[in-house]
*Asks:* 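Here it is, the structure, as structure tokens.
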There are 2 protein chains.
Amino acid sequence: MCPATFAFDVIGKKWNLPILSVLTNNKSVRYNELKRLLPGITGTMLTNCLKELTEHGIVHREQYFEIPPRVEYSLTKSGEELAPIIESIVVWGRNNIEMLQDKMK
Amino acid sequence: MCPATFAFDVIGKKWNLPILSVLTNNKSVRYNELKRLLPGITGTMLTNCLKELTEHGIVHREQYFEIPPRVEYSLTKSGEELAPIIESIVVWGRNNIEMLQDKMK
DNA sequence: CGGTATCCTTCAGGATACTG
DNA sequence: CAGTATCCTGAAGGATACCG
């Protein structure tokens, strides 16, 4: 598969950027915490996305066998390399939305 | 709307990154040329995406009233600011896909 | 050439209930 | 707590035909 296609698929999934954004701003996040920080996401979607991101080596899943169970999600090395990109996307969004609003006036 | 949400929506649409990627590598592209450079896209989708990107001030549409008609699409100032981001996404994809393939071995 | 209009299909994503 | 399993809906996306 073409690297660009691979990257565009990862970046271009509805919930992936929001999830990665949360993980960029928090060292390690639990499942339900992640869900709380992502208003509108359903459990099914969160699970699917995390699974895919984990398989792609972008997110790390650490399971602690305690009662009650605890699972922590964090960025892998690959995921951390994505962090500055996500940051610049947010910055771009901030600049661009201002331009749009100026036009509306 | 939150700037991050706005940016994630733009970036997170299936065909937007591929389209912007083509426009990043070509100063100005015609409709059918764009379609040819994006294998798999349908006319409907290309039209919808271009319309939305134009409304968001990311893509510029220049119409020449000739016979036969000619329409050129290019990046606006906002769109050009996105170019380095797209480039770094592609670079990230190239590095990451290698890591994935190494794991498969 | 560069679309639009129309109708159709598929699957991403959602709701709910249940489990180790 | 952190999921699975199941079923379901709607909207993203596709195919086709036609138009300025």
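The sequence lines fix the lettering, A, B, ..., with proteins before strands; numbering per chain opens at 1.
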*Asks:* How does each nucleotide of nucleotides 15-20 of chain C score, in 5' to 3' order, for protein heavy atoms under 4.0 Å: base (B), sugar-phosphate only (S), or none (-)?
*Replies:* B----B
*Asks:* Taking it one step at a time, do T47(A) and T44(A) satisfy side chain to side chain contact (heavy atoms under 4.5 Å, CB included)?
*Replies:* CA-CA 5 Å; T47(A) 303; T44(A) 316; 5.9 Å; no
*Asks:* Nearest-Å distance, CG (L37(A)) to P (dA2(D))?
*Replies:*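 Whole-Å distance recorded here is 13 Å.
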*Asks:* Parallel, tilted or perpendicular: which one describes the rings of F6(A) and W92(B), with boundaries at 30° and 60°?
*Replies:*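 F6(A) and W92(B): parallel rings.
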*Asks:* When we call it a touch if two heavy atoms are under 4.0 Å apart, what does K35(A) touch: a base, just sugar-phosphate, or nothing?
*Replies:*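 Here K35(A) touches no strand at all.
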*Asks:* Between P on dG3(C) and CD on E62(B), what's the gap in Å once rounded to a whole number?
*Replies:*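 Answer to the nearest Å: 12 Å.
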*Asks:* Under the salt bridge (Lys or Arg N to Asp or Glu O under 4.0 Å) definition, can you give me all pairs with a residue in residues 64-74 of chain B, not counting sequence neighbours?
*Replies:*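 For residues 64-74 of chain B: E66(B)-R70(B), R70(B)-E72(B).
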*Asks:* Check whether any side-chain N or O of R61(B) sits under 4.0 Å from OP1 or OP2 of dG3(C), and answer yes or no.
*Replies:*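 Yes, because at least one side-chain N or O of R61(B) sits under 4.0 Å from OP1 or OP2 of dG3(C).
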*Asks:* In terms of the angle between their ring planes, are Y73(B) and Y31(B) parallel, tilted or perpendicular, with boundaries placed at 30° and 60°?
*Replies:*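 Plane angle between 30° and 60°, so tilted.
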*Asks:* So, OP1 or OP2 of dC1(C): does either fall under 4.0 Å of a side-chain N or O from R30(B)?
*Replies:*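 So the side-chain polar atoms of R30(B) never come under 4.0 Å of the phosphate oxygens OP1 or OP2 of dC1(C).
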*Asks:* Tell me which of N48(A) and E72(B) sits closer to the 5' end of DNA chain C, going by the nucleotide each one is nearest to.
*Replies:*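 Closer to the 5' end of DNA chain C: E72(B).
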*Asks:* Can you give me the closest heavy-atom contact between N96(A) and S78(B), atom names plus distance?
*Replies:*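 Heavy atoms of N96(A) and S78(B) come nearest at ND2-OG, 2.5 Å.
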*Asks:* Side-chain N or O of R70(A) versus OP1/OP2 of dG3(D): is the shortest distance under 4.0 Å?
*Replies:*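 R70(A) to dG3(D) OP1/OP2: no side-chain N or O under 4.0 Å.
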*Asks:* Rounded to the nearest 0.5 Å, how far does NE2 of H60(A) lie from CG of L50(A)?
*Replies:*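 Between L50(A) CG and H60(A) NE2, I get 12.5 Å after rounding to 0.5 Å.
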*Asks:* Rounded to whole Å, how long is the line connecting atom CD of E33(A) with atom C1' of dC1(D)?
*Replies:*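 Computing the E33(A):CD to dC1(D):C1' distance gives 13 Å.
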*Asks:* Out of dG2(C), dC1(D), dG3(C), which nucleotide sits closest to the side chain of Y73(B)?
*Replies:*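 The answer is dG3(C).
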*Asks:* Hey, is E55(A) close enough to K51(A) for a salt bridge, meaning N to O under 4.0 Å?
*Replies:*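 No salt bridge links E55(A) with K51(A).
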*Asks:* Provide, to the nearest angstrom, the distance between the CD atom belonging to E66(A) and the P atom belonging to dG3(D).
*Replies:*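 Rounding to the nearest Å, CD of E66(A) and P of dG3(D) are 13 Å apart.
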*Asks:* Looking at residues 5-29 of chain B, who's got a heavy atom less than 4.0 Å off DNA chain C?
*Replies:*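 The stretch gives none, as no residue of it lies under 4.0 Å from the strand.
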*Asks:* If Ile, Leu, Val, Met, Phe, Trp and Tyr residues are connected whenever their side-chain heavy atoms lie under 4.5 Å apart, and connections chain through other members, are V71(B) and I19(B) in the same group?
*Replies:*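 V71(B) clusters together with I19(B).
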*Asks:* Could you give the CG-to-P distance, from L50(A) to dT4(D), as a whole number of Å?
*Replies:*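 L50(A) atom CG is separated from dT4(D) atom P by 10 Å.
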*Asks:* Compare the minimum distances between each of dG13(D), dC1(C), dA2(D) and the side chain of M45(B), then state the nucleotide with the smallest one.
*Replies:*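 When the side chain of M45(B) is considered, dG13(D) is the closest of dG13(D), dC1(C), dA2(D).
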*Asks:* How many angstroms lie between CG in L82(B) and CG in N95(A), if you round to the nearest 0.5 Å?
*Replies:*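 So the gap between those two atoms works out to 11.0 Å.
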*Asks:* How many whole angstroms separate atom NZ of K51(A) from atom P of dG3(D)?
*Replies:*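 To the nearest whole Å, that distance equals 9 Å.
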*Asks:* Starting at CG of L46(A) and ending at C1' of dT4(D), how long is that distance when rounded to a whole Å?
*Replies:*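 After rounding, the gap between these two atoms is 14 Å.
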*Asks:* Between I41(B) (CD1) and dA12(D) (P), how many Å, whole number?
*Replies:*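 Answer to the nearest Å: 15 Å.
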*Asks:* Start with the C-alpha distance between C49(A) and N16(A), add both sets of side-chain angles, then the distance that settles side chain to side chain contact (heavy atoms under 4.5 Å, CB included), and finish with yes or no.
*Replies:* CA-CA 7 Å; C49(A) 292; N16(A) 281 2; 3.8 Å; yes
